[in-house]
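So the structure is just underneath, and the comments pick up after that.
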Amino acid sequence: NVISGNIISGFGYGVVDMGEGALMRTGHNKWIKYYNSNNTISNNIIYNVTRAGVFLGYTENEIVSGNRIYNITGLVPWSNPSAPLDAGGIIAGGDDISGWLGFNNMNLTIKNNEINNINSDNIAYGIKVEQSQTEYPHSPESKIFPDSIEYTKVFNNLVWGMSTNE
């Protein structure tokens, strides 16, 4: 899939690229990863969104390139004021909270994006890449995901204007 040449504004997120993660395959009794794969998010203009211009979780072989991302407000009216969310131009993986270990991505390329004016009540990121490793229970054996080297590449991005309300 290719998401390219769009103007996106006025949502909680600009683009969300989310797979299912690891699931037990019925009848085979083994953990299988169900990741979104081989998608390109490029040459979009994303502005005036709340949490992130681009969010990726449980993806593989993805490219995020040439996007113009600005005015990420970080204003989440339904969030818990004692635990405000972070905001970012591009957030890839992570997002762990109590009882949930978060997301990971494999073979991700983030390049040639222009990101500015990111604001948050907590932490403001231009680009955040965070891997969350999860061990799935015995059945018949434990399985850890991600199950190989991540190969994340981040290069030639221009980021400026991060701020917090603290």
Side-chain angles (χ1 to χ4, degrees), residues 1-46 49-67 69 72 74 76 78-80 83-113 115 118 120 122-123 125-155 157:
N1 297 319
V2 176
I3 300 171
S4 183
N6 299 289
I7 298 173
I8 301 167
S9 175
F11 296 96
Y13 294 82
V15 175
V16 175
D17 187 355
M18 183 74 66
E20 289 292 324
L23 299 172
M24 176 61 71
R25 186 161 181 200
T26 306
H28 296 270
N29 203 29
K30 67 188 240 184
W31 292 98
I32 305 290
K33 64 180 177 184
Y34 292 92
Y35 286 21
N36 277 0
S37 60
N38 303 313
N39 295 310
T40 299
I41 302 165
S42 65
N43 303 314
N44 297 291
I45 298 171
I46 303 169
V49 298
T50 302
R51 175 86 195 292
V54 176
F55 184 92
L56 302 108
Y58 299 135
T59 68
E60 190 169 35
N61 303 320
E62 307 286 282
I63 298 171
V64 180
S65 70
N67 298 289
I69 301 169
I72 308 302
V76 184
W78 60 85
S79 71
N80 179 351
L85 294 173
D86 53 1
I90 300 170
I91 299 176
D95 250 15
D96 60 321
I97 57 173
S98 178
W100 166 250
L101 298 176
F103 303 99
N104 57 69
N105 297 282
M106 306 300 296
N107 196 28
L108 173 62
T109 301
I110 300 172
K111 64 179 183 173
N112 305 330
N113 298 285
I115 300 167
I118 311 299
S120 173
N122 190 25
I123 301 171
Y125 298 97
I127 299 170
K128 175 186 175 187
V129 176
E130 181 180 7
Q131 292 291 80
S132 293
Q133 189 176 55
T134 304
E135 182 174 1
Y136 292 86
H138 312 298
S139 210
E141 62 191 40
S142 293
K143 183 74 174 172
I144 296 175
F145 288 96
D147 57 355
S148 61
I149 298 171
E150 67 175 283
Y151 291 114
T152 298
K153 298 168 285 298
V154 179
F155 59 94
N157 296 284

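One distance of note links CD1 of Ile127 with CG of Asn157; it measures 3.5 Å at 0.5 Å rounding. Rounded to the nearest 0.5 angstrom, Ile45 CD1 and Asn67 CG are separated by 9.5 Å. Atom NZ of Lys33 sits about 4.5 Å away from atom CG of Asp147, to the nearest 0.5 Å. To the nearest 0.5 Å, atom CG of residue Asn107 and atom CD1 of residue Ile149 are 11.5 Å apart.
Not counting sequence neighbours, Asn112 has no partner by the side chain to side chain donor-acceptor pair (under 3.5 Å) test. Residues meeting the side chain to side chain contact (heavy atoms under 4.5 Å, CB included) test with Tyr125, sequence neighbours left out: Asp86, Ile123, Lys128. Under the side chain to side chain donor-acceptor pair (under 3.5 Å) criterion, Ser42 pairs with Ser4, not counting sequence neighbours. With sequence neighbours excluded, the residues that form a side chain to side chain contact (heavy atoms under 4.5 Å, CB included) with Asn38 are Asn61. Taking the side chain to side chain donor-acceptor pair (under 3.5 Å) definition, one finds that Lys111 meets it with nothing, sequence neighbours left out. With sequence neighbours left out, the salt bridge (charged side-chain N to carboxylate O under 4.0 Å, His left out) criterion links Glu150 to no other residue. Taking Asn36 as the reference, Asp17, Asn39, Thr59 meet the side chain to side chain contact (heavy atoms under 4.5 Å, CB included) condition, with sequence neighbours excluded. Not counting sequence neighbours, Glu20 has no partner by the side chain to side chain donor-acceptor pair (under 3.5 Å) test.
The minimum heavy-atom distance linking Tyr58 with Asn105 is given by the pair N-OD1, 3.6 Å. Considering all non-hydrogen atoms of both residues, Ala87 and Gly74 come closest at CB-CA, 3.9 Å. Residues Tyr151 and Lys153 share a closest heavy-atom pair of O-NZ, 3.2 Å. Taking each heavy atom of Ala92 and Leu108 in turn, the nearest pair found is CB-CD2, 3.5 Å. Closest heavy-atom contact between Tyr35 and Met106: CE2-CG, 3.8 Å. Minimum heavy-atom separation, Asn104 to Pro146: ND2-CD, 3.5 Å.
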Extract all donor-acceptor atom pairs below 3.5 Å that involve side chains of residues 8-15 and protein atoms in other chains or at least two apart in sequence.
from	atom 1	to	atom 2	distance (Å)
Ser9	OG	Tyr47	O	3.3
Tyr13	OH	Arg51	NH1	3.1

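Side chain of Asn113 to backbone of Ile69: no donor-acceptor contact under 3.5 angstrom is found. Under a 3.5 Å cut-off, the side chain of Asn44 and the backbone N or O of Gly5 do form a donor-acceptor pair.
Under a cutoff of 6.0 Å and an axis angle of 45°, Lys143 and Phe145 form a cation-pi pair.
Side-chain contact between Val129 and Ile90: absent, with no pair of heavy atoms (C-beta onward) separated by less than 4.5 Å.
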